Structures are given as structure tokens and as C-alpha cells.
Engineer: 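To start, I am sharing the structure in question, which I have written as C-alpha cells.
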Amino acid sequence: MALAQTWSVALVGLEGHLVEVEADIAQGLPKTTLIGLPDTSLSEARDRVRAAVVNSGERFPDRKVTIGLSPATLPKTGSHYDVAIALSLLTAAGAVDPGVLRRTAIIGELGLDGRIREVRGALAMTLAAARAGFDRIVVPDLNVGEARLVPGIEVYGARSLRQVLALLRGTEIPEEAPPRAEPRLVSESLIRVPGVDLDDVIGQREGRRAIEAAAAGGHHLFLHGPPGSGKTMLAERLAGLMPDLSTDDSLEVSAVHSLAGLLTNDAELVLRPPFIAPHHTASLASLVGGGSGVLRPGAISCAHRGVLFIDEAPEMHPLTLDTLRQPLESGFVEVHRAAAVAKFPARFMLVLAANPCPCGLSGTNQGICSCTPQHLARYRQRISGPIKDRLDIQRQILPAARTVTDGEPPESTATVAARVQAARDRQLHRYRATAWTLNSEIPGPVLRREHPLDKPSQRLLEDHYTAGRLTARGFDRVVRLTWTLADLAGLSTPTVEQTHEAFQLRSGEPLTHLSDQRALKGPTQ
């Protein structure tokens with residue numbers, strides 16, 4: 001009897017679990033048994049591995065072979081265990097020295113001719129192996145780029161089983177034809193919009209202020225207005241105002257994109273906040289994530305640490321849109337299946353855009369609205385109250401009133417991004433002793449207790465709350481937004497002017513100075 005082991009990685013969501021792949025060769029009729037809760041694609045590994053071993057010039061044992069995947073209680077899905085199974089089998093047969101595989105993780109799918117095909121999630125698997133203390137990992141040649149993004153682990157890329165065996169035996173590595181990359185069916189809407197700048201947007205003072213505040217504090221945003229007014233232009237430029245991702249965030253975002261199949265073959269770390277814009281006809285599963293086999297992240301997880309933009313939001317199915325409610329609060333999404341529960345990060349900035357009505361003319365001077373009151377009410381109710389209550393900033397975007405050549409030249413993305421970076425630095429310093437980094441993340445009770453507003457600001461918000469213009473959740477969100485406006489202004493403590501502006505940004509009222517409002521309505525008591 002001969003026994004050997006190798007190591008691979010199982011992914012449950014984005015979390016990696018090391019899997020021990022054992023091969024036992026015993027006396028008995030030729031038969032290969034695979035145990036350890038494999039799915040269908042993994043059960044077929046027996047035939048793929050047999051053909052790949054024979055076609056690579058090696059001898060497949062003609063005895064009773066048992067392949068065990070431990071821990072046995074963890075469901076195993078996918079075909080990336082093939083190479084680890086083949087090497088475990090050949091080591092048990094005496095064709096490979098067991099010492100060379102110590103502290104080595106192995107991933108890769110085998111073709112019948114012994115070629116190693118690329119797999120999804122190589123970055124997340126490599127990250128799990130590195131955190132478990134493994135010294136090196138063998139990956140498909142097409143996955144080398146993303147695997148080498150993980151520091152602290154040596155990465156070997158191989159095009160075939162023959163190359164892996166030569167590497168382990170210390171012999172000359174045979175030449176192999178470059179592998180052909182599998183086509184990636186990636187929607188264009190999931191690719192961040194390049195080459196856009198905020199100075200492309202003419203006018204829209206309130207809209208520009210809204211996205212600047214959103215970028216500075218990580219606040220969710222709702223833009224509504226007639227078609228062609230600039231809602232999409234503003235949303236597409238929001239990610240450009242945000243700072244580069246930190247090293248930890250960059251690895252986490254890159255791992256999500258690797259599992260989703262969004263990384264290119266010449267992969268680099270995702271350094272900029274992603275901009276994800278699913279179509280309004282997207283299904284619930286495509287938004288949240290899922291799958292019958294390997295659970296894949298959805299659009300909201302691909303937007304982690306970036307922007308999730310849903311244009312024509314009222315046209316999206318209300319149940320699909322309402323699935324955003326829990327991730328907006330928790331910062332993650334859980335996909336429940338009978339065999340496992342996958343948890344994906346989903347701390348994103350939500351931007352919704354909507355027309356005022358189905359014909360797009362309600363409340364504008366561009367024409368006469370043809371929608372009935374019933375159609376108008378039904379259209380606006382498709383974005384539920386609980387979703388709207390979670391949106392910190394709500395702005396009406398109307399067509400610019402001036403021409404391209406009128407007025408001051410608009411500020412560029414670089415100019416506004418510098419203010420956003422300074423505001424985020426102030427937040428990072430203020431919350432340095434906590435687990436939070438942005439105003440939008442800190443719980444309301446903690447913010448009110450540790451960083452209270454002055455008495456005039458407090459009285460102003462209490463008046464709005466008493467009058468029913470703010471919910472309890474909205475009260476906390478206005479306080480967070482007030483601190484963001486103070487950070488943009490370089491103030492150590494907000495004043496009542498920032499509080500007033502924060503309420504206007506949330507309620508959708510036109511931006512006016514508090515003194516102007518008092519002149520019209522009298523002072524707030």
C-alpha cells in the first residue's frame with residue numbers, strides 16, 4: 001500500500017480553506033474512487049486525471065485508487081483540484097519525491113492531453129495559501145499574473161502536467177505552446193469608464209457639490225431629473241474623485257474581481273475604486289451573486305470599495321432593488337445555499353439615477369408631461385421608501401442654463417479630488433483609534449456621543465425631526481453628512497451652516513444659505 005498527500009484550496013465565497021488531497025494505492029481490482037463531498041465537475045476529475053497522466057508519458061496505477069479530500073465535511077466544487085489530485089497520485093506511485101511538495105499548494109484544471117487550464121479565483125486561493133503559511137503555489141500559466149500580486153509566497157506557473165513534473169524532479173522543463181485564454185463574457189457596463197473628467201460637466205453647481213460630498217464621506221446618492229440633464233455624466237465621474245485604494249482594500253477588491261472573472265490575463269492589482277454599472281434589467285442573482293456550483297460574487301460585490309451605479313432605477317424590478325437594503329447597512333452580502341453559505345464584501349457607494357416620470361418631462365420646462373397622476377405615482381413608488389431613506393444625498397439635476405462658453409471654467413477632477421483627499425485625511429485622523437475611516441461608516445450613536453454638533457445645529461435638526469422632515473435614520477445620516485461638509489471646509493467642528501446644507505442635500509431642497517432662508521421664514525426656534 002502507498003499513501004501520499006498534496007494541498008489545494010477550496011473557496012466558499014471569498015474565503016479560502018486549505019484542502020488536503022490524499023491518494024491511497026492498494027491491492028484490488030483497478031478502480032478510482034473520489035471521496036470528500038465532490039460536486040459533479042470534481043467527480044469527473046477521475047477521468048480527466050487518468051487521461052492527462054497517461055498522455056503526459058506517466059503510468060497510471062492499475063490497482064485500487066482512493067482519492068480523499070479533507071476536511072470531508074466541506075463541500076468541494078470546481079475543477080481546480082485536478083493537478084493536485086494527479087500529483088498526489090503520482091507521488092503515491094513513487095514517481096515524485098514527497099518532500100518536494102511540502103508546504104506547496106496546487107491549483108489548476110487538467111485537459112485530457114495534460115495541459116493546465118486557467119481557473120477563476122486564483123488570486124483569492126493564493127491569498128488563502130499565503131495566509132496559511134505555505135511557501136509556494138503552483139498555478140496555471142494564465143493565472144500567474146494575478147497570483148503574483150500576493151506578497152510573501154513564491155508562484156510557479158505551468159502550462160502542462162509535464163512541466164510541473166519536470167519542475168518537481170529538477171529536470172529540464174519541456175517547451176509547451178502558450179495556452180489559449182478562455183473568452184471572458186464580461187459586460188461592458190462592468191468596466192470602469194476611462195478618460196472622463198469633471199471639467200466635462202458644464203454648470204450643474206448643485207450636482208457637482210453633491211458628488212464631491214459623496215466622494216469625501218462615502219455617502220449614497222440619488223440623482224433625478226429629465227433625460228439629458230447630466231445625471232450619468234456626474235455619476236461616471238464620481239469614482240475619479242475618490243482616492244486610490246489602500247493595499248489591503250486593493251487585494252480584497254482584486255480577489256473579488258478574480259473570482260468574478262473580471263481580471264485580465266496580464267492582471268494587475270485593482271488600485272482605483274471600481275465603477276460598476278449593471279443594466280436596470282439585471283436579475284437578482286446577477287446583482288447579489290450566486291450560482292449552482294461555485295458561488296460567484298454579483299455586481300454589488302464587484303463594486304466593493306467603489307461605486308455601484310444603477311441608471312433608470314425605477315425601471316429595475318422593485319424586489320431586485322430592495323435586495324440592496326441589507327448590504328447598504330452591513331457592508332457585506334451572504335448567499336445562502338443548502339450546502340454552504342458564501343459571504344462576499346459589499347461596502348460600496350450606491351448611486352441611483354431616475355427620470356421624473358416615464359416620459360421624462362414632469363416638472364420641467366421642456367414640454368408638457370403626458371403621464372397621468374396614477375402613472376406618475378406608480379413610477380415614483382418603484383423606488384421604495386426604505387431604499388430612499390438610506391440615500392444620504394438626493395439632488396434634482398436640471399439641464400444647464402448656460403452655454404459652454406459662459407461663466408467660469410469648471411473645476412477638473414484633479415482639483416476636486418485634492419479636496420476630497422484632504423477631507424478623507426481629516427476623517428482618518430479623527431477616527432484613528434476606531435475601526436472606521438469614513439463619516440458614512442461610523443454608527444450614529446457613536447458619532448453623536450464622541451463628536452457632538454453644537455447647540456444651534458442640534459436644535460435645527462431636532463426641529464426638522466419634530467416636523468416629520470427627518471426619520472431617526474435620516475437624523476443620523478444628516479449628522480454624518482454635516483461632518484463631511486465640515487471636513488471639506490477644513491473645519492475642526494461643524495457649524496450650523498454645514499448642518500443646514502447637509503439637510504438640504506438630503507431633502508433635495510435647493511442649496512441656499514441659512515441666512516437667506518431665515519430672511520424668508522424667520523429664525524429657527
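Note that this is a predicted model, so its numbers are computed, not measured. Just so it is clear, the values below take in all heavy atoms, side chains as well, and ignore hydrogens, waters and symmetry mates. Each residue takes its place number in the sequence, starting with 1.
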Engineer: Using 0.5 Å steps for rounding, measure from the CG atom of L447 to the CD1 atom of I442.
Structural biologist: 5.0 Å
Engineer: Kindly give the heavy-atom pair with the smallest separation between V96 and V100, and that separation in Å.
Structural biologist: CG1-CG2, 4.0 Å
Engineer: Taking only Lys NZ, Arg NE, NH1 and NH2, and the carboxylate oxygens of Asp or Glu, determine whether R480 and D392 approach each other closer than 4.0 Å.
Structural biologist: no
Engineer: About how many Å separate CG of L352 and CD1 of I387, when rounded to the nearest 0.5 Å?
Structural biologist: 7.0 Å
Engineer: So E58 and R50, salt bridge (charged side-chain N to carboxylate O under 4.0 Å, His left out) or not? Walk me through it.
Structural biologist: CA-CA 10 Å; E58 304 293 328; R50 175 185 290 273; over 6 Å; no
Engineer: Indicate yes or no for a side-chain donor-acceptor contact from R395 to the backbone of A210 under 3.5 Å, with no hydrogens or angles considered.
Structural biologist: no
Engineer: Taking atom CG of L101 and atom CH2 of W7, what is their separation to the nearest 0.5 Å?
Structural biologist: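 Between L101 CG and W7 CH2, I get 12.5 Å after rounding to 0.5 Å.
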Engineer: Please test R430 against D487 for salt bridge (charged side-chain N to carboxylate O under 4.0 Å, His left out), starting from the C-alpha separation and ending with a verdict.
Structural biologist: CA-CA 10 Å; R430 182 163 60 247; D487 292 328; 2.8 Å; yes
Engineer: Quick check: closest heavy atoms across R237 and L198, and the distance to 0.1 Å?
Structural biologist: CD-CA, 3.8 Å
Engineer: Does the side chain of T437 come within less than 4.5 Å of Q427's, by heavy atoms?
Structural biologist: no
Engineer: Identify the two heavy atoms, one from G217 and one from L438, that lie closest to each other, and give their separation to 0.1 Å.
Structural biologist: O-CB, 3.8 Å
Engineer: Under a 4.5 Å cut-off applied to non-hydrogen side-chain atoms, are L350 and L221 in contact?
Structural biologist: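 In short, these two side chains do not touch, never coming nearer than 4.5 Å.
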Engineer: Using only atom types and a distance under 3.5 Å, with no angle test, would you say the side chain of T434 pairs donor to acceptor with the backbone of W436?
Structural biologist: yes
Engineer: Backbone N or O of D248 within a donor-acceptor pair of the E252 side chain at under 3.5 Å?
Structural biologist: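 Side chain of E252 to backbone of D248: no pair is present.
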Engineer: Among R424, R426, R209, which residue satisfies the side-chain contact (heavy atoms from CB on, under 4.5 Å) criterion with L488?
Structural biologist: R209
Engineer: Give a yes-or-no answer on whether the side chains of R115 and S160 include a donor-acceptor pair shorter than 3.5 Å.
Structural biologist: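 Not at all, the side chains of R115 and S160 share no donor-acceptor pair under 3.5 Å.
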Engineer: I'd like to know if E312 and K231 make a salt bridge, using a cut-off of under 4.0 Å between side-chain N and carboxylate O.
Structural biologist: no
Engineer: Give me the atom names and distance for the closest heavy-atom approach of A299 to I276.
Structural biologist: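 Where A299 meets I276 most closely, the heavy atoms are O-CG2, 3.8 Å.
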Engineer: Assess, by modelled atom type and distance only, whether the side chains of S88 and T91 contain a donor and an acceptor separated by less than 3.5 Å.
Structural biologist: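 Distance-only check fails for S88 and T91.
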Engineer: Decide if atom CZ of R325 counts as having more than 12 heavy atoms of other residues, nucleotides or ligands within a radius under 6.0 Å.
Structural biologist: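 For R325, atom CZ is crowded (more than 12 foreign heavy atoms under 6.0 Å).
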Engineer: Under 3.5 Å, is there a donor on one side chain and an acceptor on the other for E109 and S79?
Structural biologist: yes
Engineer: Roughly how far, to the nearest 0.5 Å, is CD1 of I310 from CD of E315?
Structural biologist: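 That separation rounds to 13.0 Å.
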Engineer: I'd like to check V83 versus I107 (side-chain heavy atoms, cut-off strictly below 4.5 Å). Are they in contact?
Structural biologist: no
Engineer: How many angstroms lie between atom CG of L295 and atom CG of L259, to the nearest 0.5 angstrom?
Structural biologist: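 Answer for the CG-CG pair, L295 versus L259, is 9.0 Å.
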Engineer: Between K76 and D39, does any side-chain N to carboxylate O distance fall below 4.0 Å?
Structural biologist: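 Not counted as a salt bridge, because no side-chain N and carboxylate O are separated by less than 4.0 Å.
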Engineer: Under 3.5 Å, is there a donor-acceptor pair linking the side chains of H336 and E334?
Structural biologist: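 Yes, because at least one side-chain N or O of H336 sits under 3.5 Å from a partner of the opposite role on E334.
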Engineer: For the atom pair CG (L127) and CG (L149), what is the distance rounded to the nearest 0.5 Å?
Structural biologist: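 The CG atom of L149 is 10.5 Å from CG of L127, to the nearest 0.5 Å.
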Engineer: Fit a plane to each ring of H220 and F348, take the angle between them on a 0 to 90° scale, and name the class: parallel (under 30°), tilted (30 to 60°) or perpendicular (over 60°).
Structural biologist: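 Taking F348 first and then H220, their aromatic rings sit tilted (interplane angle of 30° to 60°).
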Engineer: Assess whether a salt bridge exists between K343 and E15, defined as any Lys/Arg side-chain N lying under 4.0 Å from an Asp/Glu carboxylate O.
Structural biologist: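 No, K343 and E15 are not salt-bridged.
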Engineer: For P174 versus Q163, what's the shortest heavy-atom pair and its separation?
Structural biologist: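 Taking every non-hydrogen atom into account, O-NE2, 3.0 Å.
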Engineer: What closest approach, in Å, do S8 and I106 show between heavy atoms, and which atom pair accounts for it?
Structural biologist: OG-O, 2.8 Å
Engineer: Is the number of heavy atoms from other residues, nucleotides or ligands within 6.0 Å of CZ (R103) greater than 12?
Structural biologist: yes
Engineer: Is there a donor in the side chain of T484 and an acceptor in the side chain of N439, or the other way round, less than 3.5 Å apart?
Structural biologist: yes
Engineer: Sub-3.5 Å donor-acceptor pair from the side chain of E146 to the main-chain atoms of L123, do we have one?
Structural biologist: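 Yes, because the side chain of E146 sits within donor-acceptor range (under 3.5 Å) of the backbone of L123.
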